[in-house]
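Everything numeric here is computed off the predicted structure, so don't read it as measured data. Heads up: numbering here begins at 1 and tracks the sequence. Side chains included, hydrogens not; waters and symmetry mates left out as well; all remaining heavy atoms used.
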Amino acid sequence: NPFIAFALFAFSAVNPLHQNPNLSPYENIEFALSCKPPDSLGVMETRRPHIVVLGAGFGGLTFCQKFAQPDARITLVDRQNHHLFQPLLYQVATAGLSAPEIAQPIRSILSDKENITVLLDSVKDINLKQRQVMLESKTLDYDYLLIGLGGVTSYFGHPEWEQHAPGLKSLDDALRIRREVLLAFEH
């Protein structure tokens with residue numbers, strides 16, 4: 001998946017000292033986490049690395065499902081409490097499927113991952129120097145950051161098209177289109 005590769009590359013680029021040029025971006029993250037700090041004082045640090053994943057779309061969710069480092073703490077942040085299978089939104093918009101058939105609760109998808117915490121929140125700011133993500137309700141410190149916040153509908157430089165061509169990126173969009181289509185048959 002090219003999106004996952006991009007997101008993971010951006011993620012591993014945050015820590016350039018822990019990169020191996022012979023590994024894929026995904027393998028580079030696991031490599032970075034396997035690097036131990038030098039034991040200069042004879043005491044190894046026992047703090048688990050904290051990975052903050054922004055967005056529970058295909059990129060963020062796949063990372064959480066496939067990442068195989070149980071020693072890492074992962075916090076997944078999304079403004080929705082469900083993962084949406086966007087390729088089937090048109091089916092909801094045309095009343096072929098109901099919304100629950102293409103949306104699954106994030107917590108149930110990741111219920112077998114004990115090291116993952118899911119937060120329902122919105123990102124307000126990111127401070128790369130201090131390694132912090134400011135959410136509406138709190139601030140998270142991180143060791144590694146993966147950003148997979150998704151996209152918006154593009155009108156190719158023509159914002160006036162938006163009123164005539166509604167976007168189809170969310171359940172709300174699909175249900176609005178469905179409502180308008182079904183009501184059109186009533187008039």
Answer with yes or no whether the hydrophobic clustering places [X] together with [Y]; edges join I, L, V, M, F, W, Y residues whose side-chain heavy atoms lie under 4.5 Å apart.
X    : Y    : result
L171 : V181 : yes
I109 : I74  : yes
Y90  : V152 : no
L140 : L149 : yes
L168 : F85  : yes

Margin query: Quick check against the 3.5 Å criterion: does R48 have a side-chain atom that pairs as donor or acceptor with the backbone of D71?
Written below: yes
Item checked: Heavy-atom donor-acceptor pair, D78 side chain to A56 backbone, under 3.5 Å ->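 It does hold such a pair.
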Checklist line | Least distance between heavy atoms, A103 atom then L84 atom | finding: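 Scanning both residues, the minimum pair turns out to be CB-CD1, 4.3 Å.
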Next item on the list: Identify the two heavy atoms, one from A68 and one from P70, that lie closest to each other, and give their separation to 0.1 Å.
Entry: O-CD, 3.5 Å
Check: Which residues satisfy the salt bridge (Lys or Arg N to Asp or Glu O under 4.0 Å) test with E136, sequence neighbours excluded?
Finding: K124
Among all residues two or more places apart in sequence or in another chain, which pass the side chain to side chain contact (heavy atoms under 4.5 Å, CB included) test with [X]?
X    : answer
R179 : R176, L183
L97  : L88, Q91, V92, E101, I102
Q130 : N127, Q132

What distance do [X] atom [atom1] and [Y] atom [atom2] have between them, rounded to the nearest 0.5 Å?
X    : Y    : atom1 : atom2 : value
L175 : E180 : CG    : CD    : 11.5 Å
D141 : H50  : CG    : NE2   : 8.5 Å
D172 : L89  : CG    : CG    : 10.5 Å
M134 : S122 : CE    : OG    : 14.5 Å
L110 : C64  : CG    : SG    : 5.5 Å
Y142 : R131 : OH    : CZ    : 6.0 Å

Would you call [X] and [Y] a side-chain contact if the rule is heavy atoms closer than 4.5 Å?
X    : Y    : result
L145 : L54  : yes
I147 : I126 : yes
I177 : T94  : no
P166 : D173 : no

Side chains of residues 111-119: which donor-acceptor partners sit under 3.5 Å, not counting sequence neighbours?
unit_1, atom_1, unit_2, atom_2, d
S111, OG, S108, O, 3.2
K113, NZ, Q65, O, 3.0
N115, ND2, A72, O, 2.9

Next item on the list: Tell me, yes or no, whether the heavy-atom count around R178 atom CZ, taken from other residues, nucleotides or ligands under 6.0 Å, exceeds 12.
Entry: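 Atom CZ in R178 is crowded, with more than 12 foreign heavy atoms closer than 6.0 Å.
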Next item on the list: Share the residues that join F156 in a hydrophobic cluster, the rule being Ile, Leu, Val, Met, Phe, Trp or Tyr side chains under 4.5 Å apart at the heavy-atom level.
Entry: Y155, W161
